[in-house]
Amino acid sequence: AALLRLRLILTLLGRTGLFPELILGAPTRTTDANRALTALASRVRADDTLRALFADLDAHDLACHLADAPELHEFRTALDAFLDAYGHRETSSVLLVSSPTWSDDPATVLGAVKALVDQPRRPADAGRGARAMRQLLHHPVVRLTRSQARLTRMVHAARTGIALREDTHFHATRVLPIVRGALLEMGRRLAGAAILADQGDVFHLRLDELERLPDPAMAPDADAARIRRAVRARTARREQLSGAPLISPAVLFPDSPGDTDALVVGVAVGGGQATGPVRVIRQPAEFGTLRSGDVLVCPYTNPSWTSLFQRAAAVVVDTGGPTSHAAIVAREYGIPAVMGTGTATTSLIDGQVVTVDGDHGHVTAAGGTTASATRNAPRR
């Protein structure tokens with residue numbers, strides 16, 4: 001409600017372009033996690049041994065090496081402290097308990113640290129929010145009506161709304177390790193009784209099916225056979241539907257009228273303009289394909305994706321709006337972002353050079369084939 005009120009006031013004042021920067025700077029647990037990741041990367045850059053390891057090994061090999069190398073105990077301790085604070089975060093969706101958390105798969109965190117070591121970037125100028133506030137308070141109508149104090153309270157309430165959204169998400173994911181642990185223990189017992197081939201197969205079963213099962217050690221052969229058939233059928237169906245969204249983003253974010261030259265149109269999140277080659281990233285396994293200066297095009301983001309914003313010239317997302325994770329992190333690093341495009345991941349092609357206008361929500365074709373990106377100052 002606070003965000004909507006602020007947006008309405010800015011529209012009436014003709015200052016909607018100030019919205020992204022006015023809500024910049026809300027303290028959130030996501031911001032805390034980003035800073036903690038940057039601190040881990042700083043440790044790596046300051047240690048020649050660690051820097052060489054992060055340069056030579058991929059994230060999964062790093063996870064194995066850290067577990068077995070006593071000389072890296074200090075970094076491992078710092079990583080464990082990070083996982084204690086943030087390890088309950090999801091690697092894909094908060095709704096998918098079958099996906100590992102950061103603690104379950106530290107390679108996700110190490111991949112993020114690896115990207116931050118390779119391409120460090122400082123967050124954007126923190127004074128942008130204060131400058132936007134001054135512009136708002138010096139608007140002739142605001143000065144005439146002497147409503148500066150009221151508008152200041154509205155802006156602070158909107159920033160609190162951002163923090164509420166992010167921190168609610170952060171604390172909601174605390175249940176993931178507990179639920180995953182319980183389900184995997186069920187799977188372990190069923191696998192031990194030869195009802196399942198692997199404990200992970202438990203994620204193909206429904207809760208009522210698990211509740212109806214007797215003690216695994218005494219399960220009748222008919223029950224065991226029925227469970228195995230269900231798992232095989234659902235495994236095959238899941239593989240068949242792999243990559244297909246449950247709901248097409250194009251349905252949630254239909255085409256809207258706008259620049260006729262635009263390849264895709266979405267919600268403007270700010271950051272000015274940037275030009276670079278498209279890199280479509282659909283899942284964490286593809287993080288390593290993003291190069292410095294690429295335009296990150298993705299279906300969604302969550303905190304696992306934060307390190308990509310250190311490399312990307314701009315970000316274009318199928319879903320989300322001004323208060324989504326991608327929008328918040330893009331503002332933090334001062335890169336152009338366009339959200340809620342609906343079809344960016346299917347309309348844009350790897351290597352295609354585009355210009356992302358974060359102030360107007362347009363992505364247009366750019367001339368040339370250079371892989372280097374250039375950023376312009378935000379427009380007002």
Side-chain angles (χ1 to χ4, degrees), residues 57-70 76 79-112 169-246 282-288 299-300 302-305:
L57 301 179
D58 65 23
H60 291 284
D61 289 340
L62 278 170
C64 296
H65 191 84
L66 286 172
D68 300 330
R76 178 70 210 197
L79 177 62
D80 287 343
F82 176 89
L83 293 175
D84 283 343
Y86 306 104
H88 59 279
R89 296 307 305 255
E90 73 280 15
T91 54
S92 57
S93 168
V94 67
L95 301 178
L96 295 178
V97 72
S98 57
S99 299
T101 63
W102 289 3
S103 290
D104 293 330
D105 184 16
T108 300
V109 174
L110 292 171
H169 188 154
F170 175 87
H171 292 295
T173 56
R174 289 187 183 277
V175 304
L176 286 177
I178 301 168
V179 177
R180 274 182 56 80
L183 291 173
L184 287 171
E185 175 60 19
M186 295 178 195
R188 186 191 68 78
R189 296 184 186 189
L190 291 170
I195 296 175
L196 297 179
D198 179 80
Q199 67 173 4
D201 288 341
V202 73
F203 293 118
H204 290 291
L205 299 176
R206 300 188 183 96
L207 179 60
D208 63 294
E209 292 172 326
L210 289 168
E211 290 176 333
R212 287 200 306 267
L213 277 175
D215 186 303
M218 300 184 296
D221 290 342
D223 281 346
R226 175 176 52 79
I227 289 295
R228 285 192 290 269
R229 285 195 302 271
V231 167
R232 286 195 299 268
R234 291 167 190 169
T235 299
R237 183 61 172 163
R238 181 170 183 171
E239 291 174 354
Q240 181 184 358
L241 295 175
S242 177
L246 294 176
R282 292 185 173 85
Q283 55 187 342
E286 300 171 349
F287 284 0
Y300 67 94
N302 61 39
S304 301
W305 298 63

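In this text the structure is predicted, and so the values were computed from the model without any measurement. Side chains included, hydrogens not; waters and symmetry mates left out as well; all remaining heavy atoms used.
- Scanning for side-chain hydrogen bond (donor to acceptor under 3.5 Å, both in side chains) contacts around Arg228 gives an empty result, with sequence neighbours left out.
- Nearest heavy-atom pair, Ala59 versus Ala107, reported as atom, atom and distance to 0.1 Å: CB-O, 3.3 Å.
- Between Leu196 atom CG and Met186 atom CE the span is 12.0 Å, to the nearest 0.5 Å.
- For Asp61, there are no side-chain hydrogen bond (donor to acceptor under 3.5 Å, both in side chains) partners two or more places apart in sequence or in a different chain.
- For Arg212, the side-chain hydrogen bond (donor to acceptor under 3.5 Å, both in side chains) partners two or more places apart in sequence, or in a different chain, are Asp208.
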From CA spacing to verdict: side chain to side chain contact (heavy atoms under 4.5 Å, CB included), Arg234, Leu205: CA-CA 9 Å; Arg234 291 167 190 169; Leu205 299 176; 4.1 Å; yes

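- Note that CZ of Arg89 is 13.0 Å distant from OG1 of Thr108, once rounded to the nearest 0.5 Å.
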Go through the steps to decide whether Leu110 and Leu79 satisfy the test side chain to side chain contact (heavy atoms under 4.5 Å, CB included), and finish with yes or no. CA-CA 9 Å; Leu110 292 171; Leu79 177 62; 4.0 Å; yes

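- Judged by distance alone, the side chain of Glu286 and the main-chain N or O of Arg282 form a donor-acceptor pair under 3.5 Å.
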Would you sort out whether Leu190 and Ile227 count as a side chain to side chain contact (heavy atoms under 4.5 Å, CB included), showing the intermediate values? CA-CA 10 Å; Leu190 291 170; Ile227 289 295; 5.7 Å; no

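- Applying the side-chain hydrogen bond (donor to acceptor under 3.5 Å, both in side chains) rule to Arg232 yields no partners; only residues at least two apart in sequence or on another chain are considered.
- Thr91 and Ser304 get closest at one heavy-atom pair: CA-OG, 3.6 Å.
- Between the Arg180 side chain and the Ser99 main chain, a donor and an acceptor come within less than 3.5 Å of each other.
- Each of Phe170, Phe82, Trp102 was compared with His88 under the ring-ring contact (aromatic ring centres under 6.0 Å, His included) criterion, and only Phe170 meets it.
- Rounded to the nearest 0.5 angstrom, Leu62 CG and His60 NE2 are separated by 10.5 Å.
- Here side-chain hydrogen bond (donor to acceptor under 3.5 Å, both in side chains) pairs that include residues 191-206, with residues two or more places apart or in two chains, are His204-Thr235.
- Counting only residues at least two apart or on different chains, no salt bridge (charged side-chain N to carboxylate O under 4.0 Å, His left out) pair has a member in residues 90-103.
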